[in-house]
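See structure below.
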2 protein chains.
Amino acid sequence: MTSTEPGLRPTKQRLAVAAAMSSFEDFRSAQDIHELLAHRGDPVGLATVYRTLQRMVDAGEVDLLRTEDGEAIYRRCSDTHHHHLVCRDCGATVEVEGPAVERWTRAIAGEHGYGDVSHTLEIFGTCPSCR
Amino acid sequence: MTSTEPGLRPTKQRLAVAAAMSSFEDFRSAQDIHELLAHRGDPVGLATVYRTLQRMVDAGEVDLLRTEDGEAIYRRCSDTHHHHLVCRDCGATVEVEGPAVERWTRAIAGEHGYGDVSHTLEIFGTCPSCR
DNA sequence: ACAGAGTTGACAACCGTTCTCAACTAGCCT
DNA sequence: AGGCTAGTTGAGAACGGTTGTCAACTCTGT
C-alpha cells in the first residue's frame, strides 16, 4: 500500500482543477469551473472537470451540495464540518458550526437504530441588507 | 377573495394525483407516481403529474426532497414540521422532530441579522435491517 | 526508447424535468 | 340546453446537467 493511490497521475488538468478550486470560497457548479478554467487559459474538457471533481469529493477534498433545483455545486472543503446560512435573495453565505446539531442527529439516529450517520443542514433567510 | 384559488379546477387528473399521494407514506419520484397511476387505471400524463405536484408543493400540501443524485421525490406533508431520517440503502424513512434544531437555527440566523428563516435538514444513515 | 496502464476530450447518449401547442373540459352566462 | 371562455391536458419535442464512449494521447517504470 502506497501513500497515494497507485496509478493516479498529477496531470496538468487535475492540477488546474485543484488550483481553480482554491481560487474561490463559495460554491460553484461544474460548468462554472469549466468556464473559469477556459478563461484562465487552462482549458480542461467538461467531462474531465466532472471526473476530477467526483474524485475530489470521494477523497473528501471537496464538498458537494445540491441547489434547490438539483444542480450539483462544489466547494473546497474546509477542515471543520459546518453548515451554511444562505440569503435567499442575494445568496450571501455565512458558515456556521453547530456541535449541538451534530450531537442531536447522532443521538436521534441511534435511538432508531441507524448507524453510520451523516446529515445535511442548510439554513435559508433574508440577510440584513436585503430586508 | 374566495375560499379556493379562482379558476382552479378539481379535474379527474388532479384528484387522481391527490389520491395517489395519500396512498403511500414514503417519498416517491414523479415518475413513480406517474406509473402508479397508470397501473391503477387512472392514467395521467407525465407533464400533468409534474405540474400537479409542483402546485401541491407550492400549496404546502406536499413535501419535496432531493435524493443524493438530484432527483426530486415527493411525499404527502404531515401537518407538523419535521425532518427525515433516511436509510441510504433501502430508503426506509423515519420522521423526527427537533424543537432544539428549530430554536438553534432561528438563534444562529438572528445572530447574523438574518430574518424570515427556514431550513432543510435531512439525516442519512444505515437502518437496523441493512447493517 | 518502449510498453502499457492511466488519462483526456469531443461528442453522443441519458435522464429527469419543462415547454409547446392543438385538442379538450369544466364552469358560467344567457 | 347551447355557447363562450379561461383553464387544463397530453404527446412529443426541447432542454440542461451529467455520464458514457472510445480513439488519441501522456506519464512512469523498465
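Hydrogens, waters and symmetry mates play no part in the numbers below; they use all other heavy atoms, side chains included. Computed from a prediction, not measured in an experiment: that's the story for all the values here.
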Under a 4.0 Å heavy-atom criterion, the protein footprint on nucleotides 24-30 of chain D, written with B, S and -, is --BBS--
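Cluster partners of B/I73, using a side-chain heavy-atom cutoff of under 4.5 Å among ILVMFWY residues and allowing indirect links, are B/F27, B/L65. Other residues sharing a hydrophobic cluster with B/V101 under the 4.5 Å side-chain heavy-atom criterion for ILVMFWY residues are A/L85, A/V94, A/V96, A/V101, A/W104, A/I108, A/Y114, A/V117, A/L121, A/I123, B/L85, B/V94, B/V96, B/W104, B/I108, B/Y114, B/V117, B/L121, B/I123. Through direct or indirect side-chain contacts shorter than 4.5 Å among Ile, Leu, Val, Met, Phe, Trp and Tyr, B/V86 is connected to B/F124. With side-chain heavy atoms closer than 4.5 Å counting as contact, directly or through intermediates, the hydrophobic cluster containing B/L64 also holds B/V17, B/M21, B/F24, B/I33, B/L36, B/L37, B/V44, B/L46, B/V49, B/Y50, B/L53, B/M56, B/V57, B/V62, B/Y74.
When rounded to the nearest whole Å, the span between NE2 of A/H34 and P of C/dC11 equals 12 Å. Taking atom CD on A/E68 and atom P on C/dT17, their separation rounds to 15 Å, with Å as the unit. Spacing between atom CG of A/D58 and atom P of D/dT19 amounts to 11 Å, rounded to whole angstrom units. Taking atom CG of residue B/L37 and atom P of nucleotide D/dG10, one finds them 10 Å apart after rounding to whole Å. To the nearest angstrom, P of C/dC19 lies 12 Å from CG of A/D69.
B/C87 and B/C130 make their closest contact through SG-SG, 3.9 Å (heavy atoms, listed as atom of the first residue, atom of the second, distance).
At C/dG9, one or more side-chain N or O atoms of A/Q13 fall inside 4.0 Å of OP1 or OP2 (strictly under the cut-off). Between B/R14 and the phosphate of C/dA26, there is no side-chain N or O to OP1/OP2 separation shorter than 4.0 Å.
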Is there a side chain to side chain contact (heavy atoms under 4.5 Å, CB included) between B/H84 and B/E95? Walk through the geometry before answering. CA-CA 5 Å; B/H84 301 106; B/E95 280 188 12; 4.0 Å; yes
Under the criterion side-chain hydrogen bond (donor to acceptor under 3.5 Å, both in side chains), I'd like the reasoning laid out for B/T93 against B/R75: C-alpha separation, chi angles, the key distance, then a yes or no. CA-CA 11 Å; B/T93 304; B/R75 171 179 152 153; 4.8 Å; no
Step-by-step side-chain hydrogen bond (donor to acceptor under 3.5 Å, both in side chains) determination, A/S23 to A/R40: CA-CA 12 Å; A/S23 75; A/R40 235 190 216 203; 3.3 Å; yes
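In this model, a side-chain donor or acceptor of B/R51 finds a partner on the base of D/dG10 within 3.5 Å.
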Could you list, one pair per line, each protein nitrogen or oxygen that sits under 3.5 Å from a nitrogen or oxygen of nucleotides 14-18 of chain D, together with the distance?
unit_1 : atom_1 : unit_2 : atom_2 : d
D/dT18 : OP1    : A/A72  : N      : 2.8
D/dT18 : OP2    : A/Y50  : OH     : 2.5
D/dT18 : O5'    : A/Y50  : OH     : 3.3

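In this model, no donor atom of one side chain and acceptor atom of the other lie less than 3.5 Å apart for A/T52 and A/R55.
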